[in-house]
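Okay, structure first, notes after.
So that the names make sense, note that chain A is the first sequence line, chain B the second, and so on, each numbered from 1.
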Protein chains: 2
Amino acid sequence: MQTSSTRDRIVAAASRLIRRQGYTGTGVKQIAKEADATLGSVYHFFPGGKEALAVAALEHGREQFAGLLRAALDGEDDPAAAVDACACLLARELRASDWTDGCPVTAAALETLGPGNPIQRACADALYSWRNLIADKLLDCGLPDAEARDLAATVVHTLEGAQATAQVTRSEEPLLLAGRHLSRLVASYT
Amino acid sequence: MQTSSTRDRIVAAASRLIRRQGYTGTGVKQIAKEADATLGSVYHFFPGGKEALAVAALEHGREQFAGLLRAALDGEDDPAAAVDACACLLARELRASDWTDGCPVTAAALETLGPGNPIQRACADALYSWRNLIADKLLDCGLPDAEARDLAATVVHTLEGAQATAQVTRSEEPLLLAGRHLSRLVASYT
DNA sequence: CGCCCACTGGAACGAACGCTCTACCCACCT
DNA sequence: AGGTGGGTAGAGCGTTCGTTCCAGTGGGCG
């Protein structure tokens, strides 16, 4: 039955649960059960305990989300259209998951604040890499260097916030609006 | 010593702690200690338990945050400047609290998803009331009705996302950028 | 005065938490 | 055949969780 390694299943399950319930809201035993693994396996692969597992799970989420963004960006040539495509894709995915699978790091980020926290650092890494993904696309489309990086940051922030609101209100509207407005904003710089 | 009622102190403490640590990350005993109250008092005022207390705390946070937005909006006549003022004020408050006091509902919202959840509903109420606050200001400034409401939604989402990123990266930059871009977006509709 | 009742204080409950520990299985070595 | 070690399995540690319960306490009213 199991096609992937135990370690991979544990990380994937942790990522899925943390995204939906946050860090403190997710128990190690629950992760083990969801991954069809046992507690012994979890602590064998992650001697660092829950925190180390969470960091690995957040890195997993970062790459998964980056893949989604890349897919949306690659389909468009115009920068404004590319940004809108991201919003539309996120809206579709969110609805498909019954509004449960939002940003894989936000929930964990806000409840583990504090300087030097490894979990917070993993979340910051993820946000930074997504911003670079958008920035590279804008640069490829010919936007000025200085503005592309700033714009990319705001694009990520807006998608983040709109996605959270979409989850809470169980509606695609926030993300679709964000796409429209962001694409207008980007177009105003071309 | 105590200048306010026990109930008020409990709600304020709950709001403060939930904002920083999320819902599951905050214990009832911790709330009682922070409020200089006892467990008996907490369950006396909130027979509904932790969940009912959280709903009251989120409503408290909603009003507090609304006051902040009103203060920023009232100081400006131009809609674009008003939106930027919100971002700047949030950045200042966030830095003053050492990046701990962000949005009072986001952290709780994302870890309590699920249809019919009272906590999620309280969060949705808060987002909706903030959106209306912004929308009223934009309408007062003469923006067309249809666009004002949509714009207000995106303003709230972007501030929300930028604030979260600012907390995680411990930097004002995300909020200041958001202010600049939002104000440009609003100006493009006048 | 005696009664009442909103409120306080904290002990105690079962459940769940993160984590440790030992026993065990089995594919692979010499 | 006998050993080796990565991986599995789960009982159980001490702690904390949300909640319940009850014995006070003190100001207002008859």
Looking at residues 41-49 of chain A, who's got a heavy atom less than 4.0 Å off DNA chain D?
A:S41, A:H44, A:F45

Whole Å only: how far is the [atom1] atom of [X] from the [atom2] atom of [N]?
{"X": "A:Y23", "N": "C:dG18", "atom1": "OH", "atom2": "P", "result": "8 Å"}
{"X": "A:K29", "N": "D:dT15", "atom1": "NZ", "atom2": "C1'", "result": "12 Å"}
{"X": "A:I10", "N": "C:dC19", "atom1": "CD1", "atom2": "C1'", "result": "15 Å"}
{"X": "A:K50", "N": "C:dC17", "atom1": "NZ", "atom2": "P", "result": "9 Å"}
{"X": "A:Q21", "N": "C:dA16", "atom1": "CD", "atom2": "C1'", "result": "14 Å"}

Would you say [Y] and [X] are linked by a side-chain donor-acceptor pair, where the criterion is simply a distance under 3.5 Å?
{"X": "A:T24", "Y": "B:T24", "value": "yes"}
{"X": "A:T106", "Y": "A:E160", "value": "yes"}
{"X": "A:R184", "Y": "B:S188", "value": "yes"}

Taking the six-membered ring for Trp, are A:W130 and A:F65 parallel (under 30°), tilted (30 to 60°) or perpendicular (over 60°)?
tilted

Between A:Q30 and A:G40, which is nearer to the 5' end of DNA chain C once each is assigned its nearest nucleotide?
A:Q30

Please state whether the phosphate of D:dG7, meaning OP1 or OP2, lies under 4.0 angstrom from any side-chain nitrogen or oxygen of A:T6.
no

So which nucleotide from C:dC19, D:dG10, D:dT19 ends up closest to the side chain of A:T38?
D:dG10

A:L39 side-chain proximity, nearest of D:dG10, C:dT8, D:dG18
D:dG10

Taking 4.0 angstrom as the limit, do A:D74 and A:K137 come out as a salt bridge?
no

What is the nucleic acid contact for B:T24, judged by heavy atoms within less than 4.0 Å: base, sugar-phosphate only, or nothing?
nothing

Test side chain to side chain contact (heavy atoms under 4.5 Å, CB included) on A:Q163 and A:L94 and set out the steps.
CA-CA 8 Å; A:Q163 195 175 43; A:L94 202 53; 3.9 Å; yes

